[in-house]
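Below you'll find the structure, written out as structure tokens, and then a few comments.
Letters A, B, ... are given to chains in the order of the sequence lines, protein chains preceding strands, and every chain is numbered from 1.
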2 protein chains.
Amino acid sequence: MGESDHKTLHARAQHTSTNRREEILEAAVAVFAESGYYRATTAQVAERVGISQPYVYRFFETKEALFLAALERATDRIVRVFSEVQASPEQLAEEMGRAYVELTRTHRNEIVLQVQAQGIRDEPIRQAMRSSMRRVKDVVTQRLMTAGIRNTQPQVSAFLAKGMLCNVAAVLGMPELTECL
Amino acid sequence: MGESDHKTLHARAQHTSTNRREEILEAAVAVFAESGYYRATTAQVAERVGISQPYVYRFFETKEALFLAALERATDRIVRVFSEVQASPEQLAEEMGRAYVELTRTHRNEIVLQVQAQGIRDEPIRQAMRSSMRRVKDVVTQRLMTAGIRNTQPQVSAFLAKGMLCNVAAVLGMPELTECL
DNA sequence: GTATTATGTAATTGATCAATCAATAACATT
DNA sequence: AATGTTATTGATTGATCAATTACATAATAC
């Protein structure tokens with residue numbers, strides 16, 4: 001569905017509709033990551049932005065829709081990071097791994113969101129997570145293939161596997177799990 | 001903490017206190033796995049056992065305590081499975097992998113519980129999950145070391161990583177993620 | 001300078017649940 | 001029968017929240 005709807009993009013940080021949407025989304029990432037999808041309240045999100053709770057519903061139809069948007073933003077960033085890594089074919093996988101570890105530091109909240117969403121049983125969220133996994137798998141596959149790496153699939157799987165362990169390590173705060181990757 | 005409290009252990013499947021506890025725990029695994037920790041209600045668990053909702057609280061002080069017990073049961077089984085695998089040193093890791101994939105089929109619900117718990121932000125549950133990861137890591141390390149495998153840590157990490165991807169594949173119902181491991 | 005739209009809030013509702021409590025039924029033991 | 005214990009429930013409460021409604025104010029246009 002729609003997400004790019006910017007008419008007004010003055011340099012000034014005005015409270016335009018689009019800005020608000022962004023602010024809310026950013027607050028949502030933080031609040032959901034901190035409290036988890038179910039315990040997080042729309043009031044918390046509102047408070048963080050400095051608006052009233054009902055006003056959130058001007059921008060997102062439901063709490064679920066808000067969460068899905070936050071989740072998509074996280075997936076977008078992961079895909080973007082992978083697609084932007086520059087390295088020689090021999091070092092590509094390694095560099096992408098490094099970039100991901102970096103991501104778990106700079107945008108931990110978005111990673112936390114992904115791990116949370118993996119465990120959520122609501123069908124729309126499960127679907128979003130399946131889509132997320134597919135998108136990430138696809139970009140990794142495409143990059144490794146373009147780099148001319150043979151027998152791509154096992155490499156991709158191993159790469160994703162490491163990513164999943166990274167995630168858990170980040171979420172649980174257990175860096176020791178990640179050391180020997 | 002305490003769990004063995006059996007005075008009456010007739011062959012007969014009476015409604016002894018211990019039996020009830022087990023029944024509730026088993027129901028809880030299923031209900032939590034199906035609905036997720038937060039959406040699952042103690043009433044659902046009770047209904048599944050065929051008892052009243054308040055009666056659940058005779059056996060578990062809080063919903064959280066019930067979830068923690070269910071989670072521990074899941075971890076126990078994983079650890080047990082790994083500790084019981086028999087194979088030559090060269091095939092040990094491979095066989096343990098196979099055993100785990102088998103586990104994700106025979107006791108999917110318990111695996112689902114683990115993935116869910118990874119994303120839950122309540123401190124007692126996070127602690128339980130850290131403990132769970134440590135226990136699993138320890139048993140894998142111990143087995144690989146005992147089998148005389150050199151440079152254990154990287155092997156262990158790679159093994160755990162694959163496990164995490166297995167989990168996600170199982171939870172999201174995406175077997176294709178697991179094929180090329 | 002009034003109509004209209006965008007930006008916002010306060011107040012409220014309707015539903016859901018975890019948890020408690022007082023009571024009862026069923027079963028042993030003496 | 002009297003006494004005690006174990007297993008169990010119905011009724012209720014207290015709190016939390018997503019979502020709605022109805023109202024207010026500021027900006028823009030006409």
Whole angstrom value for the distance that separates P of D/dC17 from CD of A/Glu64: 18 Å
- line: In whole angstroms, the gap separating P of D/dT8 from CZ of B/Arg58 amounts to 11 Å
query: Would you call A/Gln153 and A/Lys137 a side-chain contact if the rule is heavy atoms closer than 4.5 Å?
result: yes
query: Counting only side-chain N and O atoms of A/Arg20, is one of them less than 4.0 Å from OP1 or OP2 of C/dG8?
result: yes
- request: For residues 125-154 of chain B, pull every pair meeting ring pair (Phe, Tyr, Trp, His ring centres under 6.0 Å), keeping only residues two or more places apart or in separate chains.
  value: none
- request: Take A/Glu72 and A/Arg77, measure what salt bridge (charged side-chain N to carboxylate O under 4.0 Å, His left out) needs, and give me the verdict at the end.
  value: CA-CA 9 Å; A/Glu72 193 175 21; A/Arg77 195 186 311 277; over 6 Å; no
field: Integer-rounded Å distance: D/dA7 P and B/Arg21 CZ
entry: 14 Å
Neighbour count >12 (heavy atoms, 6.0 Å) for atom CD, A/Glu176: yes
query: What is the distance, rounded to the nearest whole Å, between atom CZ of B/Phe67 and atom C1' of C/dA19?
result: 19 Å
query: Which of residues 32-46 of chain A have a heavy atom under 4.0 Å from DNA chain C?
result: none
- prompt: From D/dT21, D/dA11, D/dA7, pick the nucleotide closest to the side chain of B/Tyr55?
  reply: D/dA7
task: Examine C/dA19: is either OP1 or OP2 under 4.0 Å from a nitrogen or oxygen in the side chain of B/Tyr57? Give yes or no.
output: yes
- prompt: Whole-Å distance between C/dG8 C1' and A/Asn19 CG?
  reply: 16 Å
- prompt: Starting at the 5' end of DNA chain C, which residue's closest nucleotide do you reach first, B/Gln53 or A/Ile51?
  reply: A/Ile51
- request: Would you kindly give the CD-to-C1' distance between A/Glu23 and C/dT7, to the nearest whole Å?
  value: 13 Å
task: Could you label the plane-to-plane angle of the A/Phe32 and A/Phe67 rings as parallel, tilted or perpendicular, counting under 30° as parallel and over 60° as perpendicular?
output: perpendicular
message: Tell me if the CZ atom of A/Arg121 is crowded by more than 12 foreign heavy atoms within 6.0 Å.
response: yes
